[in-house]
Amino acid sequence: MSSPEPSARSSPAPSFPSPPGGFAPAPLVSNRRNVELLLLGFGVVITTLSLVLVEASQEQSITWDLAKYALAYMGLFAIAHLGVRRFAPYADPLLLPIVALLNGLGLVLIHRLDLADAQEAQYNGDPIPSPDANQQVLWVGLALIGFLAVLIVLRDYRTLARYGYTLGLGGLVLLSIPAVLPSKFSEINGSKIWILLPGFSFQPGEFAKILLIIFFAAVLVAKRELFTSAGKHFLGMDFPRARDLGPILVAWGVSLAVLVFEKDLGTSLLLFGTVLTMLYIATARVGWVLIGGALLIVGFVFAYKAFSHVRVRTDTWLDPFEDYYNTGLQISQSLFGLATGGIAGTGLGSGRPSEVPLAKTDFIIATIGEELGLVGLTAVLVLYLVFIMRGLRTALAVRDSFGKLLAAGLSFTVAIQLFVVVGGVTKLIPLTGLTTPYISYGGSSVLANYLLLALLIKISDAARAPAPPKKKEQAPIADAPTEMLKRT
């Protein structure tokens, strides 16, 4: 009779043998900085080739000015990359290359419009104006200095939450300065959004929006219980209590004040839309969105009936060809340019984008649509979409609530600004006067948006950085095991 086989239950558990030399240490987390460098090189190649195409289309010779733009562009973003590699080594590797490519495309288009201005001046016998592309390179250089300053000085973005109310007050002061200044020191093309100094001008509202986003992120984190308190339940949705509507009413009032006193529809929509989005992210309540939408409609109806400049913008939006040579000239020429571009565009340097007023600033999207067509404009919008999605991905990945709201607010303000700009140029909504981030000509917009990028990169660095190793805690003396020591 054979002996019974040992049961599996009674057999000892197999041990996992340790390999010779012990286990290998965990692999280091890749910071993807080489990927960022490769993508920046790709952006440099595209920008340089685009400049050559513009020169070839305009029958210009390859001059030192062209090489100057390409070398300046390459040098500036090489320094920016080194700054990110040193002070934000784990940041998202796509944020800086996307901005660099958009900025390079803007430089190409501004240079192309400079050539058109020079040809027109030569035809009319006027002095050739100085090229705005030179000034744009200078603005980008100053913006990258501010970008690096934020990366170096701001070691932990969470310290901004401590100064939330102070930064919010500073944002309101910056926003209100043009409204109280005389028109000769603050008004251009009917909008009082500037501070005009001898030889220098800037828009304080571009910087105010960043300060106000930091303020609202700090307030929403500190007073979250106030915004999530139980209110009335109606149609399957939770609405806030009437006494908790103070913050959104304040944001609504500030937006109306900007629209009334500064005649700036774009900044008004941008501020209120960003605050409303951040409220929804912080509370996940649709009721805030419905209340905000109702306030937006009430404010628009009030402004339309009370102020003539709002009625002019609205009537021009509804029928731009009724007063074609006056108020309807900008949007009409923009629509003609987009129609001329069609699907594939006329080609870089082969269109007539200078026929559109303010082609380098408010209507640079029309320039893209005419010379690069629907395909090129879609590619540019996809770049913005990727940038916004990477910002929202940073908001999801970061661990603290302030960082989540700040990253989401910064990302959504770019999205709302892009929607307002493209919507105005394509006649989807009334014209607003905002510029396209990172592409349009202008110092204030470039400086402010690079500060926004620096904040996003700092938050992304904190979100993607590996957690510090935990120190092995020593057991208290009372819980330490006893040991037998040999007598020597």
Side-chain angles (χ1 to χ4, degrees), residues 39-58 60-81 95-119 129-147 206 345 347-351 353-354 356 358-372 376-377 379-381 383-384 387 414 418 421 435-450 452-453:
L39 292 175
L40 284 173
F42 182 66
V44 169
V45 171
I46 291 180
T47 301
T48 304
L49 290 178
S50 299
L51 286 169
V52 172
L53 286 175
V54 167
E55 295 290 325
S57 298
Q58 294 288 311
Q60 301 283 332
S61 59
I62 305 301
T63 62
W64 168 246
D65 285 339
L66 190 63
K68 176 180 65 177
Y69 293 141
L71 291 175
Y73 174 84
M74 182 171 60
L76 288 173
F77 284 100
I79 295 173
H81 167 73
L95 294 176
L96 182 61
I98 290 174
V99 168
L101 184 55
L102 291 172
N103 214 160
L105 177 61
L107 180 63
V108 170
L109 297 175
I110 293 169
H111 173 62
R112 186 261 175 276
L113 291 166
D114 284 339
L115 296 178
D117 292 341
Q119 290 175 356
S130 59
D132 288 329
N134 293 343
Q135 191 71 21
Q136 184 73 351
V137 171
L138 177 61
W139 284 122
V140 173
L142 293 175
L144 286 175
I145 292 175
F147 171 83
E206 292 286 348
L348 279 173
S350 299
S354 58
V356 183
L358 303 176
K360 297 178 184 178
T361 53
D362 298 2
F363 284 87
I364 202 165
I365 288 292
T367 305
I368 297 173
E370 180 175 351
E371 299 212 330
L372 298 181
L377 183 56
V380 171
L381 295 181
L383 282 176
Y384 278 110
F387 178 84
V414 175
L418 185 66
V421 170
T435 56
T436 309
Y438 304 112
I439 294 182
S440 294
Y441 171 77
S444 304
S445 177
V446 171
L447 286 169
N449 284 308
Y450 269 96
L452 182 151
L453 173 65

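Summarising the geometry of Ala70 relative to Thr48, their closest heavy-atom pair is CB-OG1, 3.8 Å, with the distance given to 0.1 Å. Nearest heavy-atom pair across Leu113 and Pro353 is CD2-CG, 3.7 Å. Nearest approach of Ala100 to Leu40, heavy atoms of both residues: CB-CD2, 3.6 Å. Residues Ile364 and Ser440 approach most closely at CG2-OG, 3.4 Å, considering heavy atoms. When all heavy atoms are compared, the tightest approach of Ala72 to Val137 is CB-CG1, 3.9 Å. Nearest heavy atom pair, residue Leu39 against residue Pro97, reads CB-CB, 3.6 Å.
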| task | Any chance you could lay out the side chain to side chain contact (heavy atoms under 4.5 Å, CB included) test for Leu348 and Leu372, step after step, and finish with the verdict? | result | CA-CA 7 Å; Leu348 279 173; Leu372 298 181; 3.9 Å; yes
| request: Could you walk me through whether Leu144 and Ile79 pass the side chain to side chain contact (heavy atoms under 4.5 Å, CB included) test, one step at a time? | output: CA-CA 9 Å; Leu144 286 175; Ile79 295 173; over 6 Å; no
| field | Audit row: Tyr438, Val446, side chain to side chain contact (heavy atoms under 4.5 Å, CB included) steps and yes/no | value | CA-CA 6 Å; Tyr438 304 112; Val446 171; over 6 Å; no
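Looking only at side-chain heavy atoms (C-beta outward), Leu109 and Leu105 come within less than 4.5 Å of each other. Side-chain contact between His111 and Glu55: present, with at least one pair of heavy atoms (C-beta onward) separated by less than 4.5 Å. You'll find the side chain of Asn134 reaches within 4.5 Å of the side chain of Tyr69, heavy atoms only. Within the 4.5 Å cutoff, the side chain of Val108 has no heavy atoms near those of the Glu371 side chain. No side-chain heavy atom of Ser354 sits under 4.5 Å from any side-chain heavy atom of Gln119. Leu383 is listed as a side-chain neighbour of Leu102, based on a closest heavy-atom distance under 4.5 Å. Counting heavy atoms from C-beta on, the side chains of Val356 and Thr367 never come closer than 4.5 Å. For the pair Ser50/Val54, no side-chain contact is recorded, criterion being any heavy-atom separation below 4.5 Å from C-beta on.
Of the listed residues (Leu358, Ile368, Thr436, Val421), just one forms a side chain to side chain contact (heavy atoms under 4.5 Å, CB included) with Phe363, and that residue is Leu358.
Side-chain atoms of Asp114 come within 3.5 Å of backbone N or O of Ala133 as a donor-acceptor pair.
For Tyr441, there are no ring-ring contact (aromatic ring centres under 6.0 Å, His included) partners two or more places apart in sequence or in a different chain. Every residue was checked against the ring-ring contact (aromatic ring centres under 6.0 Å, His included) condition with Phe147, not counting sequence neighbours, and none meets it. Under the rule for a side-chain contact (heavy atoms from CB on, under 4.5 Å), the partners of Ser445 that lie at least two apart in sequence or sit in another chain are Glu206, Thr435, Asn449.
Going from atom CG of Leu142 over to atom CG of Leu76 covers 10.0 Å, rounded to the nearest 0.5 Å. Considering CD of Gln136 and CG of Asn103, their distance stands at 6.5 Å, rounded to 0.5 Å. Between Leu51 atom CG and Leu107 atom CG the span is 6.0 Å, to the nearest 0.5 Å.
Between Phe77 and Tyr73, the ring centre distance stays below 6.0 Å.
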